[in-house]
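Before any comments, here is the structure.
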Amino acid sequence: MEEKKENGVAAMAACYQRFDPAAYLQYNYTPPRADFERKDSIVPWKLACLHRAFNEGDVSGELLVDIGSGPTLYQVLSGCEIFDKVLLTDFLEVNRQELRHWLQDEGGCNLDWTPYLQHVCKLEGRRTSDWTKKAAKLRQVVTDILPIDVHRPQPLARDALPSAGADCLVSCFCLESVSPDLAAFTRALGHIGRLLRPSGHLLLIGALGESYYFGGPGVKIPVVPLNEAQVCDSLKESGYTLIRLEVYTLPQDMRVGVDDVTGVFFAKARKD
């Protein structure tokens, strides 16, 4: 049984060796999926969920850890105003390198994050011209970009976090797309929970009804197709209390052929 588990995880890791950050960003983080003029576009929906969750008053502390950042930054644009320190993490060096390019402000990025920064400024009631201040703040509070493996009981290096753990975790489209099956997804939720202090919060975004996505031209990566009930059950089984679950259904023109996702969930939960 253990061997079968390990084989499934190893097969998933092998799938990611050809992952192409530039193609992935192009597929998912440009219009129509990132159309800031449209209320029904997927990226503005995600940013609104995160903004609301970070600003309700119950999420606070010193350290925010982003689990499986990929090559993206949008998921910490609201949190960087709340927490003094933000840690980004990813399994792949190519993704960590993409994030470093932006954080070191050295050019070479595969996506211009300016419209994202401007949109979140707007959500916060600030002028869109304040995006440069937000970019500077994010660069200031991100203290490191670390390797992570959510399938290990200790996903980060032992000395990566203070002994008390993180105050909040955010994770977007990571666990279901690196797990061979639902049981592995649930185990990964438990593993990352060990990084979180008791009563700390988890903000989780993921795909519903998705069986694959393209991580680059011809790079088809299998995904665990989740439904809402499975998300709720997995969170409960892994030691979280669900505070809120929201669901977004993709309009037809958002189904652009780079995956077979039908919806997206946002979960706000607290560690028991």
Side-chain angles (χ1 to χ4, degrees), residues 21-57 59-90 94-146 167-174 201 203-205 246 248 254 264 266 268:
Y24 173 79
L25 289 166
Q26 184 62 38
Y27 297 159
N28 294 286
Y29 294 98
T30 60
R33 291 189 168 183
D35 185 341
F36 295 105
E37 302 304 311
R38 278 180 62 173
K39 288 231 183 325
D40 65 347
S41 185
I42 183 171
V43 165
W45 180 84
K46 291 188 289 187
L47 291 173
C49 287
L50 289 163
H51 166 73
R52 193 159 57 249
F54 277 119
N55 286 280
E56 286 172 319
V59 175
S60 63
E62 173 139 334
L63 177 63
L64 169 66
V65 179
D66 182 24
I67 304 291
S69 307
T72 65
L73 289 159
Y74 70 91
Q75 60 277 25
V76 293
L77 295 184
S78 291
C80 76
E81 303 290 346
I82 310 292
F83 292 88
D84 300 331
K85 293 179 185 167
V86 175
L87 269 183
L88 304 179
T89 69
D90 202 70
V94 286
N95 285 336
R96 299 196 298 271
Q97 191 58 46
E98 176 72 27
L99 296 171
R100 279 194 288 269
H101 282 318
W102 187 86
L103 286 165
Q104 290 159 10
D105 204 6
E106 60 189 23
C109 290
N110 285 298
L111 190 75
D112 177 9
W113 291 103
T114 306
Y116 287 75
L117 291 153
Q118 290 172 330
H119 186 76
V120 177
C121 282
K122 216 156 104 180
L123 291 175
E124 292 170 354
R126 296 158 69 177
R127 296 189 303 265
T128 52
S129 58
D130 281 343
W131 74 268
T132 52
K133 291 181 190 162
K134 181 173 273 297
K137 173 83 184 219
L138 183 56
R139 289 186 171 109
Q140 178 199 330
V141 300
V142 172
T143 54
D144 216 339
I145 304 166
L146 298 175
D167 299 292
C168 181
L169 304 179
V170 61
S171 187
C172 300
F173 302 103
C174 171
H201 287 84
L203 307 180
L204 189 67
I205 292 180
E246 297 178 55
Y248 166 94
M254 300 279 160
V264 177
F266 171 80
K268 182 177 183 176

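A 6.0 Å sphere centred on CD of Glu106 holds more than 12 heavy atoms belonging to other residues, nucleotides or ligands. Applying the 6.0 Å contact sphere to NZ of Lys137 captures more than 12 heavy atoms from other residues, nucleotides or ligands.
Between Trp113 and Trp131 there is no side-chain heavy-atom pair separated by less than 4.5 Å. Side-chain atoms of Met254 and Tyr248, non-hydrogen and from C-beta on, do get closer than 4.5 Å to each other. Side-chain contact between Leu203 and Lys268: present, with at least one pair of heavy atoms (C-beta onward) separated by less than 4.5 Å. The side-chain heavy atoms of Trp45 and Glu246, taken from C-beta on, include a pair separated by under 4.5 Å.
The backbone N or O of Pro31 lies less than 3.5 Å from no partner atom in the side chain of Asp35, so there is not a single donor-acceptor pair. Panel note: side chain Tyr29, backbone Asp112; no donor-acceptor pair is recorded below 3.5 Å.
In this structure, Arg139 satisfies the cation-pi test against Trp102, with its NZ or CZ atom closer than 6.0 Å to the six-membered ring centre and inside 45 degrees of the ring normal.
The two residues Thr72 and Leu99 make their nearest non-hydrogen contact at O-CD2, 3.5 Å. When all heavy atoms of Leu47 and His119 are compared, the pair lying nearest together is CD1-CD2, 3.7 Å. The shortest heavy-atom contact between Cys80 and Leu138 is CB-CD1, 3.7 Å. Contact detail for Val264 and Ile205: the closest heavy-atom pair is CG1-CG2, 3.7 Å.
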